[in-house]
Amino acid sequence: MHELLRLDTRHVWHPYGPMPATVPPLLVEEASGVRLRLADGTELIDGMSSWWAVVHGHRHPVLDAALREQAGRMSHVMFGGLTHEPAIRLATNLVDLTPDGLEHVFLCDSGSVSVEVALKMCLQYWRSLGRTKKTRMLTWRGGYHGDTFHPMSVCDPEGGMHALWRGVLPEQVFVPEPPPGFDAPVDQSYVDVLVRAVEEHADELAAVVVEPVVQGAGGMRFHNPDYLRVLREVTERHDVLLVFDEIATGFGRTGAFFAAEHAGVTPDVFCVGKALTGGYLTMAATLCTPRVADGISRGEVPVLAHGPTFMGNPLAAAVANASIGLLADGSWRDEVRRIERALTEGLAPAAEVPGVLDVRVLGAIGVVQLDRPVDMAVATETLTSRGVWLRPFRDLVYTMPPYVTSDADLALVTEAMVATARVLTA
Ligand SMILES: *Cc1c(COP(=O)(O)O)cnc(C)c1O
């Protein structure tokens with residue numbers, strides 16, 4: 001085995017993995033465009049956009065240049081008492097791009113932290129107004145909001161990876177998963193469930209927290225945007241804040257720049273991350289409305305006591321601005337539509353495979369759901385032997401490719417997914 005892999009196995013903890021690892025990871029030496037090049041020379045299409053972030057592909061000349069240019073000025077300065085153009089421009093860009101009404105931006109160092117900050121904002125808002133009983137969150141099942149403790153408490157309590165922590169996490173209010181299907185008609189009985197749950201718990205609820213339109217790591221499920229309108233209406237009526245976690249759905253992935261646009265609603269608090277920096281550096285942000293900021297500043301403690309060491313990191317902010325710049329001409333919309341067509345066509349044969357429960361596509365997201373858990377070793381071997389890198393989970397083989405993926409490469413990805421579905425259900 002490669003000496004580096006030997007050291008990796010001995011010392012390096014990987015995501016959601018045991019220590020020491022039981023399955024050695026693949027050693028990547030370079031990445032360019034949509035391709036990863038492994039140490040043994042193998043090339044794989046990055047059908048995951050490296051966990052949904054690398055929307056413009058790897059080593060993009062514009063992003064590389066932005067990073068080099070910023071490194072030539074300053075790589076980091078503390079954000080307490082100091083500020084700088086990359087962060088100011090980024091905050092302004094995010095205010096411009098997100099739904100109207102979100103005016104204030106808290107820069108964070110990862111998606112989980114941005115959800116922590118969102119929840120802290122909501123809790124502190126009610127505390128500042130003297131409504132000290134409003135300390136719980138309501139969410140629907142099947143969600144995923146990150147791996148730190150408060151975000152874990154609003155992840156799916158059973159299907160997710162965090163069932164172990166029952167008893168340690170704050171106990172939130174859960175309603176059933178939204179009925180599946182972006183285009184499925186609104187289920188009035190589910191609307192009633194949402195409305196009743198918010199009404200019933202309004203006195204103790206700080207906020208409703210959901211991923212709009214697509215539930216990502218909780219199961220890659222899509223729902224009708226009308227349920228978001230229902231949540232907006234009922235939370236407003238009952239003095240509960242509404243948080244949208246757009247960390248996975250932001251920056252065009254679902255066919256709208258933000259998934260909230262499908263519903264045409266503005267939540268009180270909004271999280272972005274993942275594709276924010278085009279997948280170059282770790283950065284996320286929490287936005288809120290003036291109402292939330294004003295409420296917090298009227299409290300006995302008028303500040304938001306949060307301040308990561310690397311808050312507003314200039315390198316990350318500069319590359320985020322460059323990535324947003326690449327999206328500014330709107331051509332991402334045609335690219336995502338093209339990918340949606342290619343995934344719909346390419347994955348259609350999977351629906352004929354016995355053992356495939358569902359095939360679904362929305363924007364640049366393609367999902368094949370099996371009737372059994374994926375055998376990861378078999379799946380990875382089948383996919384990589386066809387030149388494709390995907391990371392299935394649970395019963396799902398899915399892709400979220402970079403927007404620059406060519407039709408020919410999309411065909412390779414979908415063919416590999418169909419082949420994998422066949423092998424896994426044979
Ligand atoms: C990935 C993700 C997070 C967590 O982001 P990290 O950067 O991994 O901490 C939170 N919410 C959603 C919807 C995500 O997809």
Side-chain angles (χ1 to χ4, degrees), residues 13-17 48-55 98 106-122 137 139-157 159-162 165 169 172 177-178 207-223 228 231 242-254 256 258-260 262 267 269-287 306 308 310-311 313 316-317 319-320 323 362-365 367 391-394 396 398-400:
W13 219 313
H14 282 269
Y16 310 109
M48 298 293 291
S49 298
S50 280
W51 264 343
W52 323 350
V54 183
V55 288
T98 50
F106 192 98
L107 297 172
C108 309
D109 25 21
S110 75
S112 300
V113 173
S114 81
V115 175
E116 294 278 6
V117 169
L119 301 185
K120 190 185 273 190
M121 281 178 177
C122 296
M137 306 292 160
T139 187
W140 43 42
R141 287 173 184 268
Y144 175 80
H145 298 281
D147 296 335
T148 57
F149 272 82
H150 240 84
M152 280 202 291
S153 75
V154 282
C155 289
D156 188 88
M161 296 155 282
H162 303 316
W165 295 104
L169 299 175
Q172 314 294 16
E177 296 174 356
V208 170
V209 185
V210 294
E211 293 159 279
V213 178
V214 177
Q215 294 184 293
M220 308 305 295
R221 301 166 86 254
F222 315 144
H223 57 257
L228 304 167
L231 286 177
L242 180 62
V243 181
F244 281 177
D245 176 351
E246 291 240 17
I247 292 166
T249 49
F251 305 100
R253 181 57 69 180
T254 70
F258 287 110
H262 292 295
V269 180
F270 197 85
C271 297
V272 297
K274 289 204 162 96
L276 174 61
T277 64
Y280 268 50
L281 284 164
T282 174
M283 183 177 257
T286 311
L287 288 89
H306 212 102
F310 291 101
M311 185 167 177
N313 177 260
V319 76
S323 175
L362 180 68
I365 308 171
V367 184
R391 185 91 175 144
F393 69 101
R394 290 188 356 215
L396 303 166
Y398 77 100
T399 182
M400 289 177 63

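Values below: all heavy atoms of this structure, side chains included; hydrogens, waters and symmetry mates excluded. Counting starts at 1 for both ligands and their atoms, following the listed order.
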Strictly under 4.0 Å, does any heavy atom of W52 approach an atom of ligand 1?
yes
Within 4.0 Å of some non-hydrogen atom of S110, the atoms of ligand 1 are 7 (O), 9 (O)
Please round to the nearest 0.5 Å and tell me the distance separating atom CZ of F244 and atom CD of E211.
11.5 Å
Would you call M220 and M400 a side-chain contact if the rule is heavy atoms closer than 4.5 Å?
yes
pair F106-M311: side-chain heavy atoms closer than 4.5 Å:
yes
For residues H306 and V113, determine if any side-chain heavy atom of one lies less than 4.5 Å from a side-chain heavy atom of the other.
yes
Could you check which of G111, P212, A248 puts a non-hydrogen atom nearest to atom 5 (O) of ligand 1?
G111
Kindly confirm or rule out an N or O of D245 lying under 3.5 angstrom from an N or O of ligand 1.
yes
When you look for heavy atoms under 4.0 Å from ligand 1, do you find them on the side chain of E246, its backbone, both, or neither?
neither
In ligand 1, which numbered atoms sit nearer than 4.0 Å to a non-hydrogen atom of G146?
4 (C), 10 (C)
Can you name the atoms of ligand 1, numbered from 1 with element, that are less than 4.0 Å from a heavy atom of E211?
13 (C)
Can you list the ligand 1 atoms lying under 4.0 Å from a non-hydrogen atom of K274?
1 (C), 2 (C), 3 (C), 14 (C), 15 (O)
Might you work through the side-chain contact (heavy atoms from CB on, under 4.5 Å) test for Y398 and M48, ending with a clear yes or no?
CA-CA 8 Å; Y398 77 100; M48 298 293 291; 2.8 Å; yes
Does CZ in R391 sit with more than 12 non-hydrogen atoms of other residues, nucleotides or ligands closer than 6.0 Å?
no
Side-chain contact test, heavy atoms from C-beta onward, threshold under 4.5 Å: evaluate it for C271 versus D245 and give yes or no.
yes
Numbered atoms and elements of ligand 1 in range of S112, under 4.0 angstrom, heavy atoms
4 (C), 5 (O), 6 (P), 9 (O)
